[in-house]
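Both counts, for ligands and for their atoms, begin at 1 and track the order of listing.
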Amino acid sequence: MKSKKNLKKDEKEAAEQYARSFKSYHSWRTKENPQGWFYNDHLEIPAVNKLLGNVEGKKILDFGCGTGIYTKKLAKKGAVVKGFDISEEMLSIARKENLQLDLRKGSGYEIPFKEKFDIVLASLVVHYLKDWDEMFQEVSRVLKKGGYFIFSTGNPVMESIKKSKQEVDYFHDGKFCADWKDNTGKEMKMHYYHKTYEKIIQAIIKNKFEIVDYKDCFPIKKAKKIFPEEYDKYSREPLFTAWKIKKK
Ligand SMILES: C[S@@+](CC[C@H](N)C(=O)[O-])C[C@H]1O[C@@H](n2cnc3c(N)ncnc32)[C@H](O)[C@@H]1O
């Protein structure tokens, strides 16, 4: 792992942002926070699970494993899972919940593993990395030939709406920010990098991957009863995308 002062600006910023918000993130990502439970178990996770398919016996690398939400689920389903994340604080929760697993501190620009995997999964991570060519080359290095990179990220159109100004800035390929809560419940800004569909698809092709599946993350039926308002909103408004691409 690179020393902290050699981290790229985006890696350093992500690590700092998650040091400030790892506790609130974990409660948001689990049933602990009922509103968060909608976005996760009823919207993003079901779509990604469909792309993952049967994971039993598969060697999976959880890229940006965070607090280990997927790590735990995949291990329970019989996958051989390892993971890494840039944030020590996020990893501290992941390690508590996944005691026997190999979870390392490291970056998507310099993946801290030498072995090859069947699947690399990056759930809601890639928008923190500015340089996707560098990221795809690293993912390719740790994937077997024919292996899959499955990643979820914001819908490029919806995430380009600058909420504070009520304007859309889709073609501006760059840094955006969202309103988050820190560990004490105070408002904070979370920065991420917006990419257009064109930029995403070009990066996939340029780095010798092939798109094999894609999901718009439509809410699951069960959510209609438990979260009627959210179900109504997000069955009209696409929030997340999930991609399955194959190393050629
Ligand atoms: C929204 S969280 C997702 C965590 C986890 N994948 C999940 O599904 O709950 C984003 C994670 O990406 C990590 N991250 C951001 N930039 C990274 C980078 N350059 N390399 C590795 N991890 C990074 C953050 O530390 C954070 O844990």
Q. What protein heavy atom sits nearest atom 20 (N) of ligand 1, and how far away is it?
A. G108 N, 3.0 Å

Q) So is there a nitrogen or oxygen of Y18 less than 3.5 Å from a nitrogen or oxygen in ligand 1? A) no

Q) What do you reckon, does L124 have a nitrogen or oxygen under 3.5 Å from a nitrogen or oxygen of ligand 1? A) no

Q | Aromatic ring proximity F227/Y234, centre distance under 6.0 Å | A | no

Q.
Heavy-atom pairs closer than 4.0 Å: do any link ligand 1 to the side chain of T67, the backbone, both, or neither?
A. neither

Q) Does the gap between the ring centers of W243 and F149 come in under 6.0 Å? A) no

Q) When you measure from atom 11 (C) of ligand 1 to every protein heavy atom, which one gives the shortest distance, and what is it? A) D85 OD2, 3.8 Å

Q: Mark up the atoms of ligand 1 that fall under 4.0 Å of a heavy atom belonging to Y70, in ascending order.
A: 8 (O)

Q: Return yes when G106 approaches ligand 1 closer than 4.0 angstrom through a heavy atom, no otherwise.
A: yes

Q. Taking the six-membered ring of Y109 as reference, does the NZ or CZ atom of K8 fall below 6.0 Å from its centre and within a 45° cone about the axis?
A. yes

Q: Among all protein heavy atoms, pick the one closest to atom 8 (O) of ligand 1 and tell me residue, atom and distance.
A: R29 NH2, 2.8 Å

Q) Which part of S107 is near ligand 1, with near meaning a heavy atom under 4.0 Å away: side chain, backbone, both or neither? A) both

Q. Do I150 and V120 have side-chain heavy atoms sitting under 4.5 Å apart?
A. no

Q.
A side-chain contact here means heavy atoms from C-beta on lying under 4.5 Å apart; do Y148 and L52 qualify?
A. no

Q | Where ligand 1 meets S87 - atom numbers and elements under 4.0 angstrom, heavy-atom basis | A | 25 (O)

Q: Give the atoms of ligand 1, by number and element, whose distance to some non-hydrogen atom of A14 is under 4.0 Å.
A: 15 (C), 16 (N)

**Q.** Any N or O of W180 closer than 3.5 Å to N or O of ligand 1
**A.** no

Q. How far apart are the C-alpha atoms of R29 and S24, what are their side-chain angles, what is the distance that settles it, and do they pass the side chain to side chain donor-acceptor pair (under 3.5 Å) test?
A. CA-CA 9 Å; R29 195 79 164 120; S24 62; over 6 Å; no

**Q.** Region of A15 that comes within reach of ligand 1 [heavy atoms, distance under 4.0 Å]
**A.** neither

Q | Polar contact flag for G64 and ligand 1 (N/O pairs, less than 3.5 Å) | A | yes

Q | Contact atoms of ligand 1, heavy-atom distance to L129 under 4.0 Å | A | 18 (C), 19 (N)

**Q.** Which residue and heavy atom of the protein sit nearest atom 23 (C) of ligand 1, plus the separation
**A.** I86 CG2, 3.3 Å

Q) Taking it one step at a time, do H191 and F176 satisfy ring-ring contact (aromatic ring centres under 6.0 Å, His included)? A) CA-CA 6 Å; H191 293 95; F176 280 61; over 10 Å; no

Q.
Check this for me: does any side-chain nitrogen of one of D41 and K73 sit under 4.0 Å from a carboxylate oxygen of the other?
A. yes

Q) Any idea which atoms of ligand 1 are less than 4.0 Å away from a heavy-atom of I69? A) 9 (O)

Q.
To check your reading of the model: name the closest protein heavy atom to atom 12 (O) of ligand 1, its residue, and the distance in Å.
A. V125 CG1, 3.5 Å

Q. Is it the side chain, the backbone, both or neither of Y109 that has a heavy atom closer than 4.0 Å to ligand 1?
A. neither

